[in-house]
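What follows is one structure encoded as structure tokens, with my remarks underneath.
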Amino acid sequence: SGESGGKHYTEIREFATLAFHWPMVDESSDNEAVTLFEEAIQARAQWTEFPGFRADITTIINGDTFHGSTTVAASGSTQSDMGASRAESWVNSQLQSIALHRGTRDTNNSTPVRLRFADQDKEHPLGRLLTVSGGQFASSYRIRDKQILIVNRALVRQNLTIRVLANELNTEGRFLPHVYTVQYWDHLTGATSRCETVQNRWKRVGNWDLPTDQIVTVATPEGLETRQFTLKHHELLSP
């Protein structure tokens with residue numbers, strides 16, 4: 001206590017201020033981790049110079065069957081005609097995802113990926129754990145034998161984990177997804193809210209591996225749901 005400027009005070013409080021750059025994200029990158037990731041990307045089967053295709057489609061959603069046709073453009077956009085909006089929207093979203101993952105990356109215009117090893121565990125059965133430096137989804141991966149076996153994403157209200165259970169090799173010896181799961185977790189409690197199991201089948205048409213069949217089983221606290229689409233009579237589009 002004391003007096004200053006004719007005024008009495010009972011105590012003096014001192015505060016320390018520590019400033020950080022925000023957000024606090026480690027943006028460092030490890031060349032070995034980046035190489036491991038890039039090798040896995042290059043080992044995936046890709047639609048190089050993809051012209052697009054059209055096919056007849058049969059879709060089954062919880063026992064209801066829909067028939068029609070679908071077109072996947074060279075850009076990856078899709079258009080389906082089955083006379084039912086719920087079947088068409090679901091098929092379009094599935095085929096757009098397939099086209100996105102089979103599409104080739106433009107390495108000249110893409111932002112270089114920054115990755116680092118999250119730990120030193122080199123014996124994990126699902127491969128090394130790599131974390132993305134920065135980015136909006138707080139992504140991480142596990143890679144083994146040039147295959148991305150785990151993908152983790154942090155979304156707004158939930159987290160998701162994609163786990164590849166089985167891949168298959170195409171004519172060039174590159175990997176195509178065969179069976180994988182997608183698990184969704186509550187970001188606060190960690191409880192599993194939904195689990196999807198996806199099975200894919202492929203057909204070689206020209207220089208491209210095109211989808212022929214996909215079965216998606218969705219498990220939630222409300223029950224089990226199964227959806228499937230089957231493609232036949234594939235026709236490549238003119239460039």
Residues forming a side chain to side chain contact (heavy atoms under 4.5 Å, CB included) with Asn207, sequence neighbours excluded: none
For Thr189, all residues meeting side chain to side chain contact (heavy atoms under 4.5 Å, CB included), sequence neighbours excluded: Asp186, Ala191
Would you call the rings of Trp208 and Phe50 parallel, tilted or perpendicular, taking 30° and 60° as the class edges? perpendicular
Is it possible for you to check whether Arg44 lies under 6.0 Å from the centre of the six-membered ring of Phe175, through NZ or CZ, and within 45° of that ring's axis? no
Is it the case that Arg128 places NZ or CZ above or below the six-membered ring of Phe117, under 6.0 angstrom from the centre and within 45 degrees of the axis? yes
Closest non-hydrogen atom pair between Phe20 and Leu18, with its separation: CZ-CD2, 3.5 Å
Considering all heavy atoms, the nearest Asp209-Trp47 contact: O-NE1, 2.9 Å
Here's a test for you: under side chain to side chain contact (heavy atoms under 4.5 Å, CB included), which of Leu95, Val72, Asn200 qualifies with Pro211? Leu95
For the pair Arg194 and Glu196, find out whether any cationic side-chain nitrogen is under 4.0 Å from an anionic carboxylate oxygen. yes
Taking [Y]'s backbone N and O only, do any of them form a donor-acceptor pair with [X]'s side chain (distance below 3.5 Å, no angle check)?
| X | Y | result |
| --- | --- | --- |
| Arg54 | Thr70 | no |
| Ser97 | Ser93 | no |
| His187 | Ala154 | no |
| Trp202 | Pro177 | yes |

Quick one: which residue pairs count as a salt bridge (charged side-chain N to carboxylate O under 4.0 Å, His left out) with a foot in residues 220-237, not counting sequence neighbours? Glu225-Arg227
Is a side-chain donor-acceptor pair under 3.5 Å present for Asp145 with Gln147? no
How many angstroms lie between atom CG of Leu100 and atom CZ of Arg102, to the nearest 0.5 angstrom? 9.5 Å
